[in-house]
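Below is one structure, written out as structure tokens; comments come after it.
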2 protein chains.
Amino acid sequence: MLNMSSAQVVDPSPDRTARARIRDAALHLFGEVGFRATTVRAIADRAGVSAPLVLHHFGSKEGLRQSVEEHLVTQIREGKFATMTGQLTPDELSMRANAEEFAPAMSYLARALTEDAEVGRHLYDRLYQDALVYLQAGEDAGLIRPTGHPEARAAALLNAGLAQTLLRHHLERVLGMDDQVEAMLAIGPPLLDLYTDGLFTDSRIRDAFSTASPSEGTQP
Amino acid sequence: MLNMSSAQVVDPSPDRTARARIRDAALHLFGEVGFRATTVRAIADRAGVSAPLVLHHFGSKEGLRQSVEEHLVTQIREGKFATMTGQLTPDELSMRANAEEFAPAMSYLARALTEDAEVGRHLYDRLYQDALVYLQAGEDAGLIRPTGHPEARAAALLNAGLAQTLLRHHLERVLGMDDQVEAMLAIGPPLLDLYTDGLFTDSRIRDAFSTASPSEGTQP
DNA sequence: GCCCGGACTGAACACACGTTTAGCATGTTG
DNA sequence: CAACATGCTAAACGTGTGTTCAGTCCGGGC
């Protein structure tokens, strides 16, 4: 908010239509600092246009948000953003490319997930359905253990995956990593170990919970 | 924001000092809708006082936030909020009591964790240290599996636990639960199974990742 | 009684910001 | 050429909101 007026006019391709530049600028700023903290003038500055032009094209700041979100919803439908749940990882290079390309959208969606925005619900529901069928397919193929609570398991695992994106800044900080990709790579092995062997050495802890009360929680 | 002026003046104990009522009202509203979206007048209404009195006691809206956060930091130091990472669960009744008592603070801190607020870093660092020593103690006691990446594992598990709080609204929605405690109880068993047996039936998936590249990620 | 300081209020101020208005180019159509 | 639409801007307007001002009430010390 301080030197918002002096925001650099990033014009990677100055020939693109002003309307597109405005929408990109809005996505970037909304994702970075949030909708309310972003001023129409800051969006205009970043897109290299005047403030009234923003409203000329989108009617209002709220209309601009809706346009941004509609664009995101189509991308959600196309199955992008699956990487938010923990990288599917072809290789590090493509991870970096993906992270860079979708960083603004990811920031926006991360924000939308923790507030109760329509687009956040949309994304979560999609990822949840994906997780359900993915886990079921793994079960059918004999790769994933069966469970008596498929919905709860899918949701819990989805949350665990999303958390690595939502809390990426903290992850980088405590692990001393320089960027998100590095941090994601660092937690890969321990997560694979967790998913393969579990965390406990035996069933004593689970037994303790199941005898104490018929259903219970867990620890870090 | 609509009928913010008609916010009910919740006065559970009208004898408490105005200063305390103001701080409570601020914590509640900041946690509910965020700092920027909360007006000084709304805080004053909720506390049953006038807007200038808020500033008389705390200097400015920003000063009020700092006062709120200082109060939270002392509570963090006292080790409250450990339940954010997945309930330690004495029993359902105390879970509900705890959830109710700390709901406003939890909302505030959940928000602080996903933005990059000072108090959020403070909380995360504390929980991370707790997780590290907790897991190490479990290892020493022979209950937790050893790992070659204790920091990364602790951070990843901490995130997974926190996610259940950060994404509680989505969890409730997709599982059709009525409140957070119910949802937490629902994911307890699958998480215990995950921690006890793992998710995969054998090590094929991990092997595939370790042969493909020396370090890699995961799926929902 | 008098004074002083602190809690407290209604009214007003100042600024930020979304939005509106009026107008200027430029290109296209009749 | 006239008429008009389109993309765009500078300037101004109106409102919401943090903050300040001036003053009231009240309790305690002298």
Side-chain angles (χ1 to χ4, degrees), chain A residues 1-11 13-69 108 117, chain B residues 1-7 9-11 13-69 108 111 117:
Chain A
M1 199 48 130
L2 261 116
N3 39 9
M4 189 169 259
S5 56
S6 72
Q8 68 233 19
V9 180
V10 181
D11 252 3
S13 46
D15 49 336
R16 289 183 34 258
T17 132
R19 194 184 152 91
R21 290 203 317 272
I22 292 170
R23 212 184 41 204
D24 283 0
L27 172 63
H28 185 100
L29 289 172
F30 289 166
E32 206 73 16
V33 298
F35 178 76
R36 290 189 67 105
T38 301
T39 69
V40 173
R41 285 167 176 84
I43 297 168
D45 276 3
R46 185 167 231 277
V49 301
S50 70
L53 187 63
V54 173
L55 303 163
H56 172 72
H57 279 302
F58 298 93
S60 67
K61 188 186 178 186
E62 181 59 37
L64 174 54
R65 159 156 60 183
Q66 281 175 22
S67 179
V68 166
E69 296 202 346
Y108 189 101
Chain B
M1 198 52 129
L2 261 116
N3 40 8
M4 190 168 255
S5 56
S6 71
V9 180
V10 180
D11 252 4
S13 46
D15 49 337
R16 289 184 32 257
T17 136
R19 194 184 152 91
R21 288 204 316 275
I22 292 170
R23 213 184 41 205
D24 282 359
L27 172 64
H28 185 99
L29 289 171
F30 290 165
E32 206 73 17
V33 298
F35 178 76
R36 292 189 66 105
T38 301
T39 68
V40 174
R41 286 167 176 83
I43 297 169
D45 275 4
R46 195 185 168 88
V49 301
S50 69
L53 188 63
V54 174
L55 302 159
H56 172 72
H57 280 302
F58 298 94
S60 66
K61 187 185 177 187
E62 181 59 38
L64 174 54
R65 159 156 62 182
Q66 282 175 21
S67 179
V68 166
E69 297 201 345
Y108 189 100
R111 203 171 274 276

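Reminder, nothing fancy here: chain letters follow the sequence lines and each chain counts from 1. Model, not experiment: these values are computed from the prediction.
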Of all the nucleotides listed ([options]), which has the minimum atom distance to the side chain of [X]?
X	options	value
A:Arg41	C:dT9, C:dG18, D:dT9	C:dG18
B:Leu53	C:dT9, C:dC17, D:dC8	C:dT9
B:Ser50	C:dT19, C:dT9, D:dG18	C:dT9

Does A:His57 have a side-chain nitrogen or oxygen under 4.0 Å from the phosphate oxygens OP1 or OP2 of D:dC8?
->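 A:His57 to D:dC8 OP1/OP2: side-chain N or O found under 4.0 Å.
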Kindly calculate the angle separating the two end axes of the helix from C:dG1-D:dC30 to C:dG30-D:dC1, each obtained from five base pairs, and round it to 10 degrees.
->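 End-to-end axis angle: 20°.
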Give the table of side-chain donor-acceptor pairs shorter than 3.5 Å for residues 48-59 of chain B, with sequence neighbours excluded, one pair per line with atom names and distance.
none

Once you round it to whole Å, what is the distance between [atom2] of [N] and [atom1] of [X]?
X	N	atom1	atom2	answer
B:Ile43	D:dT17	CD1	P	12 Å
B:Arg65	D:dT19	CZ	P	11 Å
A:Phe35	C:dC17	CZ	P	13 Å
B:His56	C:dC8	NE2	P	7 Å
A:Leu29	C:dC17	CG	C1'	15 Å

Please collect all ring pair (Phe, Tyr, Trp, His ring centres under 6.0 Å) contacts where either partner lies in residues 24-46 of chain A, sequence neighbours excluded, each pair once.
->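 Every pair satisfying ring pair (Phe, Tyr, Trp, His ring centres under 6.0 Å) with a residue in residues 24-46 of chain A: A:Phe30-A:Phe35.
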Mind jotting down which residue pairs meet the salt bridge (Lys or Arg N to Asp or Glu O under 4.0 Å) criterion with at least one end in residues 47-58 of chain A? Sequence neighbours excluded, please.
->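 Sorted pair list comes back empty.
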Could you note down all residue pairs passing salt bridge (Lys or Arg N to Asp or Glu O under 4.0 Å) where residues 23-34 of chain B supplies at least one of them, sequence neighbours left out?
->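 As it turns out, the salt bridge (Lys or Arg N to Asp or Glu O under 4.0 Å) pairs with a partner in residues 23-34 of chain B, which skip direct neighbours, are B:Arg16-B:Asp24.
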List in chain and number order the residues that pass side chain to side chain donor-acceptor pair (under 3.5 Å) with A:Arg65, two or more places apart in sequence or in another chain; answer none if no residue qualifies.
->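 So A:Arg65 forms a side chain to side chain donor-acceptor pair (under 3.5 Å) with A:Glu62.
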All N/O pairs under 3.5 Å across the protein-nucleotides 20-26 of chain C interface:
none

